Amino acid sequence: MKTKQRVTEFERQVYDLCSKVPKGSVTSYKEIAHAMHTKAYRAVGAALRSNPYAPKVPCHRVVASNGTLGGFQGSINPRGHSLRKKASMLTEEGLEINKGRIKEFEERLFKLQ
DNA sequence: CGGTTGACCAAGT
DNA sequence: GACTTGGCCAACC
């Protein structure tokens with residue numbers, strides 16, 4: 001398991017923005033990148049991938065920009081794996097998931113900045 | 001400093 | 001709807 005020992009400023013911004021997403025809303029990798037005035041969507045994902053602030057940062061509220069769940073806990077497997085858990089948590093928070101896809105995604109999307 | 005990788009994205013086939 | 005391609009950018013080796 002890849003544990004982060006030192007985080008960069010870039011990653012810190014990512015974690016900070018994630019923690020600002022309220023329960024019942026979600027944000028996307030793209031939105032986070034956009035909020036930081038960069039196009040490094042992938043770097044955002046990479047940052048969450050090693051998420052050293054596990055409980056502190058609700059990384060399950062970050063999904064792909066097309067409304068699908070993206071990845072979770074090291075995997076990006078679309079069919080029942082860790083993604084299932086991510087979906088469950090989001091459901092618990094009041095969101096509606098339909099076949100791995102957020103229902104009314106754009107309305108539930110928390111707009112940063 | 002160059003090349004590879006990645007929880008991405010959009011457009012094309 | 002599934003798969004491929006090109007592009008983006010930071011972290012890592």
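Because the structure is a prediction, the values reported are computed rather than measured. In the text below, chain A, chain B and the rest are named by the order of the sequence lines, each starting its count at 1.
Look at CD1 on A:Ile32: it is 12 Å from C1' on B:dC8, rounded to the nearest Å. Rounded to an integer number of Å, the gap from A:His37 NE2 to C:dC8 P is 20 Å. For the pair A:Gln73 CD and B:dA7 C1', the interatomic distance rounds to 11 Å; values are reported in whole Å. Distance A:Met36 CE to C:dC8 P: 18 Å, rounded to the nearest Å. If you take OH of A:Tyr29 and C1' of B:dA10, they are 17 Å apart, rounded to a whole angstrom. Look at CG on A:Leu48: it is 10 Å from P on B:dC8, rounded to the nearest Å. Counting to the nearest Å, the C1' atom of C:dA11 and the OH atom of A:Tyr15 are 11 Å from each other. To the nearest angstrom, P of C:dA10 lies 15 Å from NE2 of A:His34.
Ring centers of A:Tyr41 and A:Tyr29: at least 6.0 Å apart, outside the cut-off.
Among C:dA11, B:dG6, B:dC8, the nucleotide with an atom closest to any side-chain atom of A:Thr8 is C:dA11. Out of B:dC9, C:dA10, C:dA11, the shortest distance to the side chain of A:Ala40 is found at C:dA10. Minimum atom distance to the side chain of A:Arg49 is reached by B:dA7, of the listed B:dC9, C:dC9, B:dA7. Comparing atom distances between the A:Arg42 side chain and each of B:dA7, C:dG7, C:dA10 picks out C:dG7 as nearest. When each of C:dA11, C:dC9, B:dA7 is scored by its nearest atom to the side-chain atoms of A:Cys59, the top-ranked nucleotide is B:dA7. Relative to the side chain of A:Phe72, the nucleotides C:dA10, B:dA7, B:dC9 differ in distance, and B:dA7 lies closest.
Although no hydrogens or angles enter the test, the distance criterion places a donor-acceptor pair under 3.5 Å between the side chain of A:Gln113 and the main chain of A:Ala35. Side chain of A:Ser19 to main chain of A:Tyr15: a donor-acceptor pair is present (N/O by atom type, distance under 3.5 Å, no hydrogens or angles). In this structure a side-chain-to-backbone donor-acceptor pair under 3.5 Å is missing from A:Arg108 to A:Val26.
Taking 4.0 angstrom as the limit, A:Ser65 places a side-chain polar atom (N or O) nearer than this to OP1 or OP2 of B:dA10.
For the pair A:Ala64 and A:Ala43, nearest-nucleotide mapping onto DNA chain B gives the more 5' position to A:Ala43. Comparing A:Lys30 and A:His60 along DNA chain B, the residue whose closest nucleotide (by nearest heavy atom) sits nearer the 5' end is A:His60. Each of A:Ala46 and A:Tyr41 was matched to the nucleotide of DNA chain C holding its nearest heavy atom; the match closer to the 5' end belongs to A:Tyr41.
Contacts of A:Phe10 with the nucleic acid, taken as non-hydrogen atoms under 4.0 Å apart, involve only primed sugar atoms and P, OP1 or OP2.
Look at A:Arg12 and A:Asp16 and you find no salt bridge, because none of the NZ, NE, NH1 or NH2 atoms lies under 4.0 Å from a carboxylate O.
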